[in-house]
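Quick notes on the structure that follows.
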Amino acid sequence: MRILISGGGVAGLTLAYWLHHHGFTPVVVERSPQGRVGGYGIDFFGTGYDIAERMGLVQRLERGRIPADSVTFVDADGRVRARLKRTLVENVVRGPSLPVMHGTLEKALAGTISGLVEIRHEQTITEVRQAGDGVAVTFADGREEGFDLLIGADGVHSVTRRLVFGPERDYARHLGYHLACYPLPDDHDLGPTRIHYTRRGRQVVVYRTDRPGEMIALFLFKAQDEGGVPRAARLARLRDEFAGMGWITQRLLDGAPADEPVFMDTMTQIVMPGWHQGRVALVGDACGCMTLVSAQGVSMAMGGAFLLAEALGRHRGDHRAAFAAYERRMLPEVTRRQRNARAVARTLIPSTRLGTSAQHLVMRLLARKAFAPVLRRRFGAGSILSVGEA
């Protein structure tokens, strides 16, 4: 059975690995030239860590660990207002955790299927036609090809979802924020910590990457969903939004790389009542984007890919039964985590000085071990895979 996977990110690469493992023939199409690069850091634990361990990736990912032993909250003068030690994460997840860059994980995943799975870069789909015995796909270069199944793993702005399930506006749930990030030289002597600076509806976050001498500047700001910001206008938008901010904000904006585009997007969840239609199904952010405030998006993307491939293998390629089983297992888990993420988003960036002070107080309280169960319930950090599952 040949299965086309639209999207070569975390969900698509994980799915390709496990489909190959179960004896299928996956083909991945990815619009970027050489695989996706860049992105921001993630705390990798729970379901995602379990699956990476089954794929033999943990040792490789350990070599790319982000050097961060704490999360620090500072004021406009750089004074520390609260600090959460890495041990808090360990108390919350009650298992191994690994801070890595999103791009590091994708490269590791791509390495697992190199030479085993066909990956077509600089390619995307433009039309989908389903028949009783297959799916006919038209690619951007005009070529047509038939497959047994099509899986959309192409992210929050999924082309597959738009072509088969309808426009993005039918499923998008904007959380009221924009985010942007870019790498720049690590010349601020910040140490092995992730630092947050907040001021009335805006937040700056910085941390080192796994590359010596490099750091990430991440910007979050409250804004209505106005659609995508053109690449050429993104840095100017950031400088306008963060004008007058203290700490090292201006230096971070002045240091933005001239030869690398700024990543910018809305913070938007994708909420759908169902994830499959005929011979087409969705996985990862394409159907259940939770946003970075959930701290679960990558792990659940890998979990969905693993369970979808497992269902197809267990049901011997019977896509109807497999898609239904996959959805029954995953959709409630994603729905719960999306709900928790929306609750976190409401208090993510305070709009007043008093609110910021209150946030720092809450962070100091959360640093205590006694609050770990509260955070565990809020973020749903445990693995969704059963112990005996293979």
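The shown structure was predicted, so the numbers you read here are calculated from the model rather than taken from an experiment. FYI, side chains are in, hydrogens and waters are out, and symmetry mates aren't considered; it's all heavy atoms of this structure.
- Judged purely by atom type and a 3.5 angstrom limit, Ser294 uses its side chain to pair as donor or acceptor with the backbone of Gln296.
- A salt bridge does not link Glu333 to Arg329: none of the charged nitrogens lies less than 4.0 Å from a carboxylate oxygen.
- Annotation: side chain of Leu19 is in contact with side chain of Ile5 (closest heavy-atom distance under 4.5 Å).
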Counting only pairs under 3.5 Å, give me each side-chain donor-acceptor contact of residues 239-246, with atom names and distances, residues two or more places apart or in other chains.
unit_1: Arg239; atom_1: NH2; unit_2: Leu253; atom_2: O; d: 2.9
unit_1: Glu241; atom_1: OE2; unit_2: Arg237; atom_2: NE; d: 3.0
unit_1: Glu241; atom_1: OE2; unit_2: Arg237; atom_2: NH2; d: 3.4

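- Remark: Ala321 pairs with His315, Asp318 by the side-chain contact (heavy atoms from CB on, under 4.5 Å) rule, at least two apart or across chains.
- For Arg120, the salt bridge (charged side-chain N to carboxylate O under 4.0 Å, His left out) test picks out Glu118, Glu145, with sequence neighbours left out.
- Heavy atoms from other residues, nucleotides or ligands lying under 6.0 Å from CZ of Arg31 number 12 at most.
- Within the 4.5 Å cutoff, no side-chain heavy atoms of Val164 are placed close to those of Leu282.
- At least one side-chain heavy atom of Phe263 sits less than 4.5 Å from a side-chain heavy atom of Leu179.
- Across all non-hydrogen atoms, the minimal contact from Leu61 to Val100 is O-CG1, 3.8 Å.
- You'll find the side chain of Met264 reaches within 4.5 Å of the side chain of Leu238, heavy atoms only.
- Taking the side-chain hydrogen bond (donor to acceptor under 3.5 Å, both in side chains) definition, one finds that Arg208 meets it with Asp186, sequence neighbours left out.
- Sorted by first and then second residue, the pairs that involve residues 57-72 and meet salt bridge (Lys or Arg N to Asp or Glu O under 4.0 Å), not counting sequence neighbours, are Glu62-Arg65.
- A heavy-atom distance below 4.5 Å is not found between the side chains of Val280 and Leu163.
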Original post:
Can you list the steps and then say if Arg199 with Thr249 is a side-chain contact (heavy atoms from CB on, under 4.5 Å)?
Top reply: CA-CA 11 Å; Arg199 181 182 174 188; Thr249 306; over 6 Å; no

Subject >> Residues Tyr177, Gln203; criterion side-chain contact (heavy atoms from CB on, under 4.5 Å); working and verdict >> reply: CA-CA 11 Å; Tyr177 299 96; Gln203 187 174 94; over 6 Å; no

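- Shown are His174, Arg337, Arg342; of these, the side-chain hydrogen bond (donor to acceptor under 3.5 Å, both in side chains) with Gln269 is made only by Arg342.
- No donor-acceptor pair under 3.5 Å is formed between the side chain of Arg231 and the backbone N or O of Pro261.
- By the salt bridge (charged side-chain N to carboxylate O under 4.0 Å, His left out) test, Glu53 pairs with no residue at all, sequence neighbours left out.
- For Phe147, there are no ring pair (Phe, Tyr, Trp, His ring centres under 6.0 Å) partners at least two apart in sequence or on another chain.
- Here Asp189 pairs with nothing under the salt bridge (charged side-chain N to carboxylate O under 4.0 Å, His left out) rule; sequence neighbours left out.
- Thr72 and Ser70 make their closest contact through OG1-OG, 3.9 Å (heavy atoms, listed as atom of the first residue, atom of the second, distance).
- Not a single donor-acceptor pair under 3.5 Å links the side chain of Tyr40 to the backbone N or O of Leu218.
- Looking at residues two or more places apart in sequence or on another chain, you find a side-chain contact (heavy atoms from CB on, under 4.5 Å) between Asp170 and Pro167.
- The salt bridge (charged side-chain N to carboxylate O under 4.0 Å, His left out) check on Arg169 picks up nothing, with sequence neighbours excluded.
- A distance of 11.0 Å separates CG in Leu292 from CG in Asp43, rounded to the nearest 0.5 Å.
- Screening residues 326-345 for ring pair (Phe, Tyr, Trp, His ring centres under 6.0 Å) gives Trp275-Tyr326 as the qualifying pairs, with residues at least two apart or on separate chains.
- Put simply, the residue from Arg162, Arg161, Arg173 that forms a salt bridge (charged side-chain N to carboxylate O under 4.0 Å, His left out) with Glu168 is Arg161.
- Residues satisfying the ring pair (Phe, Tyr, Trp, His ring centres under 6.0 Å) criterion with Tyr17, sequence neighbours excluded, are absent altogether.
- Contact check for Thr160 versus Val128: no side-chain heavy atoms found under the 4.5 Å cut-off.
- Proximity of Met330 to Ile384: side-chain heavy atoms (C-beta onward) are separated by under 4.5 Å at one or more points.
- At least one side-chain heavy atom of Gln123 sits less than 4.5 Å from a side-chain heavy atom of Arg143.
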